[in-house]
Protein chains: 2
Amino acid sequence: MSFSTKGEYGVRLMVQLGRRYGSGPSSLAEIATDEDLPRPYLEQLVMSLRDAGLVISTRGSHGGYELSRSPEEIPMIAVLRALEGPIAPMICASDESELAHEPTCDRTARCTVNFLWIRIRDAISTTLEGMSLADLVPERLAAPASEPIIIKRRVEAVPDPALV
Amino acid sequence: MSFSTKGEYGVRLMVQLGRRYGSGPSSLAEIATDEDLPRPYLEQLVMSLRDAGLVISTRGSHGGYELSRSPEEIPMIAVLRALEGPIAPMICASDESELAHEPTCDRTARCTVNFLWIRIRDAISTTLEGMSLADLVPERLAAPASEPIIIKRRVEAVPDPALV
DNA sequence: TCGAATTCCGACCGAATCTGTCGGGATTAC
DNA sequence: GTAATCCCGACAGATTCGGTCGGAATTCGA
């Protein structure tokens with residue numbers, strides 16, 4: 001039961017972009033160096049983030065990636081869905097694409113158990129919906145000598161249309 | 001982000017044992033047939049459950065497995081930990097064995113991100129701690145009359161009807 | 001116009017994990 | 001003794017993980 005490094009690296013990438021938000025595009029090489037991650041691998045990950053509309057890319061010299069909107073407006077559930085796919089602790093409990101998943105639930109204890117996976121899925125989803133990228137980006141204004149982690153303004157109601 | 005079939009099959013196995021609780025040991029062959037699962041594979045899974053003290057085994061003819069205690073007394077978090085290992089959405093956020101896991105958190109955004117995994121882990125853990133095997137076992141009232149049913153006291157059965 | 005920087009994209013690849021299978025040994029009821 | 005059953009280690013095909021590689025396309029600045 002775990003996320004892959006795809007999720008971890010991707011989130012770290014997003015945090016770096018959050019710190020640079022408003023400074024124009026940042027190159028992957030720069031971020032790869034900062035986070036000590038393989039740049040070619042980040043290239044793959046950032047594709048998913050771009051396709052999900054979370055980052056926008058600028059090609060050519062002095063190009064790079066930047067957040068498509070402010071960190072406060074990016075719920076972490078959108079980030080992890082882009083990186084890891086739908087939140088589904090088990091095939092029968094996906095939060096997306098409810099297409100033709102009935103025939104897999106025919107046996108006795110199977111549907112009973114499904115209740116468990118749905119509860120887990122909802123727990124994860126709710127947690128992720130309540131967090132935005134801003135909750136993970138260190139204060140850009142305050143000095144680095146402040147408290148470790150501060151939950152800044154929480155996005156209320158998470159009115160994200162592009163949530164899918 | 002998902003559990004493996006190990007988790008699914010193991011939980012289904014436990015539900016079957018829950019339905020049979022009080023009837024003495026049940027053979028794996030019987031359960032494998034009921035759930036339509038490969039018996040040799042279940043053999044592997046049940047080892048973990050036995051080692052975790054959740055089921056007890058009886059060897060020899062007419063042997064089998066049975067719950068070590070009533071379904072009400074078996075929290076689902078114990079079941080999934082036995083089957084899938086510690087609840088850890090990321091290496092840095094395991095709920096067990098906090099041994100020497102500091103050196104992995106040295107870089108800038110890494111520890112910041114760790115906050116996210118801990119939140120997810122806690123959400124899963126809390127959910128699982130609030131559920132017992134009894135919540136997944138269908139009512140045993142309509143059991144076949146041939147079975148010598150032993151009505152055991154059902155503990156307040158974790159009043160948690162609402163939710164979801 | 002040229003070249004450097006950068007994204008874009010598909011192909012490839014070794015290692016690990018997943019999802020089992022197989023064969024036999026140990027133990028017990030009858 | 002025999003049948004049923006658990007116990008346990010080894011093996012193995014398929015898939016996923018965690019990248020690497022090479023080059024094409026695009027853009028900026030000189």
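The chains referred to below are lettered A, B, ... by the order of the sequence lines, with proteins before strands, and numbering in each begins at 1. Values below: all heavy atoms of this structure, side chains included; hydrogens, waters and symmetry mates excluded.
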Handout entry: Euclidean distance, atom CZ of residue Phe3(B) to atom C1' of dT17(C) [Å, nearest integer]
Key = 17 Å
Fill in the blank from the handout: Glu30(B) CD to dA4(D) C1', in whole Å, measures 13 Å
Practice task
Round to a whole Å and report the spacing from CD of Glu8(A) to C1' of dC17(D).
Solution key: 14 Å
Practice task
With sequence neighbours left out, write down each residue that passes side-chain hydrogen bond (donor to acceptor under 3.5 Å, both in side chains) with Ser4(A), or none if nothing qualifies.
Solution key: Glu84(A)
Handout entry: Nearest-Å distance for atom pair CG/C1', residues Leu45(A) and dT20(D)
Key = 14 Å
Exercise for the section: Whole angstrom is fine here: how far is it from CG in Leu42(A) over to C1' in dC8(C)? Expected result: 15 Å
Handout entry: Met47(A) CE to dA11(C) P, straight-line distance once rounded to whole Å
Key = 14 Å
Exercise for the section: Would you please name every residue forming a side-chain hydrogen bond (donor to acceptor under 3.5 Å, both in side chains) with Arg50(B), sequence neighbours left out? Expected result: none
Completion exercise
Per-nucleotide protein contact along nucleotides 18-30 of chain C, 5' to 3', at a 4.0 Å heavy-atom cut-off (B base, S sugar-phosphate only, - neither), is -BBB---BBBBSS
Fill in the blank from the handout: salt bridge (charged side-chain N to carboxylate O under 4.0 Å, His left out) pairs touching residues 21-33 of chain B, sequence neighbours excluded, are Arg20(B)-Glu30(B)
Practice task
Would you kindly give the OH-to-C1' distance between Tyr65(B) and dC8(D), to the nearest whole Å?
Solution key: 10 Å
Handout entry: pair Val15(B)-Leu133(B): side-chain heavy atoms closer than 4.5 Å
Key = yes
Run the side-chain donor-acceptor check on residues 60-68 of chain B: report pairs under 3.5 Å with partners two or more places apart or on a different chain.
from: Ser68(B); atom 1: OG; to: Gly53(B); atom 2: O; distance (Å): 2.8
from: Ser68(B); atom 1: OG; to: Leu54(B); atom 2: O; distance (Å): 3.1

Exercise for the section: Sort and list the pairs that fulfil ring-ring contact (aromatic ring centres under 6.0 Å, His included) and have at least one residue in residues 27-47 of chain B, not counting sequence neighbours. Expected result: Tyr9(B)-Tyr41(B)
